[in-house]
Peer 1: 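Got a structure for you, written out below as structure tokens; questions coming shortly.
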Amino acid sequence: MTDIIDTPDPLTRTYLPAQLIDREPEQETLSEAFAADTETRLQHVHLYGPRGTGKTHLVKQFLTTFPSTVTTCYVSGRPHDTQYKVLERLLQQLTGEHVGTGHHIADLQRRLRDAVNLETVVVIDEVEFLLLNDGDDLLYFLTRLENTAVITVSATHRSLEPEVDDRTYSSFQPRVLTLNPYTPSQVRQILADRARRALEPQSVERTALSRIAATTSNIAIGLCWLRTAAEAADDAVTRSLVDEVQSTGYAAYVTELLADFTPHHRRLYDTIELLDRDRNPVISGAVYEAYRDRCADTGVEPLSERRISDFLTHLELLGLIEATYHYGGRKGKTRELQLVDWDEDTPSSDSSSEER
DNA sequence: CGTCCACCGGAAAATAGGGAGG
DNA sequence: CCTCCCTATTTTCCGGTGGACG
């Protein structure tokens, strides 16, 4: 049993490649928005792109291009889903001071206002979680700050206009940037690049990558899948090995996504996965009942139905489940839930692997 | 045309924690 | 230590929804 993994880093989602593949136009647009000659006022930007299109990488890469006269901050709205948490994080990044809990929001806002005497660029990644949980107060505050440009990033909202108050949007007025999903050949190229950096030379079959690329355009899924295959490989990642570990790879992706959430999120997801075996939509009430039973089996105190309703929305925002909302009608007011079929067009006996 | 499905989702309150000043 | 302020998480409460069925 030989290990074909030399350096695991490039196969993880936190790995930031020095060069992004096929995102030059977007990098261009970003630089334009912040070009020195566009008046004195910094421009706000909203970046939209489905999961696994390289939003976070693009924006992090972009932050490194600023001269030292500009301060940059990066915060993700997923763990930091309240105004308070984001402000706390920003203060820590800007001034190094660590504020605990228990202070007034207005107090943190005042301290932050004092801290941004230099030009500052603030990125709020996965902003949909912040908006869902705590509304747009923070966005209103930040976009009205002097010397500060805000870059919001979302995998779910193409525009934030319908999501925030009019007064917030009017001070935000972002330039909107959209990332399109990668094409299969781009996915293959990106995965090949990562594999070359992480694995032994010649250890990945070309058709193995094609198989992944033909199944998903989400790079994060692709990476998990490839990594899972590489970990299981004896001496090479073959196409059949990739087929073999397909569901394990996706499971690893789910686990990675849910790692930032509570064990109840995980339990809830597992519950739906079980109910979804027959691929029929299931309504939220039934999901809650099954969840409660599951808790009873494991001796865990279940959360309330209202709370779980919010957690279902989280899973939906993560792109793990699909929900059809019924606001009344014969079915009453409810949601029909289903796992996302991420590998819908998985070719069971495929002969049309793209080759070039 | 009235009724009913079934829980969405807003609001308030309960609970548990921390910080600052007396 | 007490008091009074804050945030965070979860529970409790409940009005409201609209198409199909009778």
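The sequence lines fix the lettering, A, B, ..., with proteins before strands; numbering per chain opens at 1. Being a predicted model, the structure only gives us computed values, none of them experimental.
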Peer 1: Can you find an N or O donor on one side and an acceptor on the other, under 3.5 Å apart, linking the side chain of Arg335(A) with the base of dG9(B)?
Peer 2: no

Peer 1: Is the number of heavy atoms from other residues, nucleotides or ligands within 6.0 Å of CG (Asp297(A)) greater than 12?
Peer 2: yes

Peer 1: In whole Å, I'd like the distance from the CD atom of Glu305(A) to the P atom of dC7(B).
Peer 2: 6 Å

Peer 1: To the nearest angstrom, how far is Lys85(A) atom NZ from dT7(C) atom C1'?
Peer 2: 10 Å

Peer 1: Given Ile221(A), which partner from the list Val254(A), Thr216(A), Leu257(A) fulfils the side chain to side chain contact (heavy atoms under 4.5 Å, CB included) test?
Peer 2: Thr216(A)

Peer 1: Looking at dC7(B), dG10(B), dT7(C), which one has an atom nearest to any side-chain atom of Ser284(A)?
Peer 2: dC7(B)

Peer 1: At under 4.0 Å, does any side-chain N or O of Thr334(A) touch on OP1 or OP2 of dA6(B)?
Peer 2: no

Peer 1: Distance check needed: dT9(C) P versus His80(A) NE2, whole Å only.
Peer 2: 12 Å

Peer 1: Is Thr82(A) close enough to dA8(C) that one of its side-chain N or O atoms is under 4.0 Å from OP1 or OP2 there?
Peer 2: yes

Peer 1: Between atom NZ in Lys333(A) and atom P in dG19(C), what is the gap in whole Å?
Peer 2: 14 Å

Peer 1: With sugar-phosphate meaning primed atoms plus P, OP1 and OP2, does Gly285(A) contact a base, only sugar-phosphate, or nothing at under 4.0 Å between heavy atoms?
Peer 2: sugar-phosphate

Peer 1: How many whole angstroms separate atom CZ of Phe311(A) from atom C1' of dT11(C)?
Peer 2: 12 Å

Peer 1: I want to check one thing: is the phosphate of dT11(C), taken as OP1 and OP2, less than 4.0 Å away from some side-chain N or O of Arg307(A)?
Peer 2: no

Peer 1: So for Arg330(A) and dG18(C), does any side-chain atom that can act as donor or acceptor lie under 3.5 Å from a complementary atom in the base?
Peer 2: no

Peer 1: Are the aromatic ring centres of Phe261(A) and Phe129(A) under 6.0 angstrom apart?
Peer 2: yes

Peer 1: Rounded to whole Å, please give me the gap between NE2 in His104(A) and C1' in dC6(C).
Peer 2: 5 Å

Peer 1: Roughly, in whole Å, what's the span from CG in Leu312(A) to C1' in dG9(B)?
Peer 2: 13 Å

Peer 1: Counting side-chain heavy atoms from C-beta on, which of dA20(B), dC8(B), dT7(C) comes nearest to His103(A)?
Peer 2: dA20(B)

Peer 1: Could you give the CZ-to-P distance, from Arg89(A) to dT7(C), as a whole number of Å?
Peer 2: 21 Å

Peer 1: Can you tell me if the side-chain N/O atoms of Ser309(A) get under 4.0 Å from OP1 or OP2 in dC8(B)?
Peer 2: yes

Peer 1: Strictly below 4.0 Å, N to O, side chains only: are Asp114(A) and Arg111(A) in salt-bridge contact?
Peer 2: no

Peer 1: Would one find a side-chain N or O of Tyr325(A) under 4.0 angstrom from OP1 or OP2 of dC7(B)?
Peer 2: no

Peer 1: Can you confirm whether the side chains of Ser210(A) and Arg239(A) place a donor and an acceptor under 3.5 Å from each other?
Peer 2: no

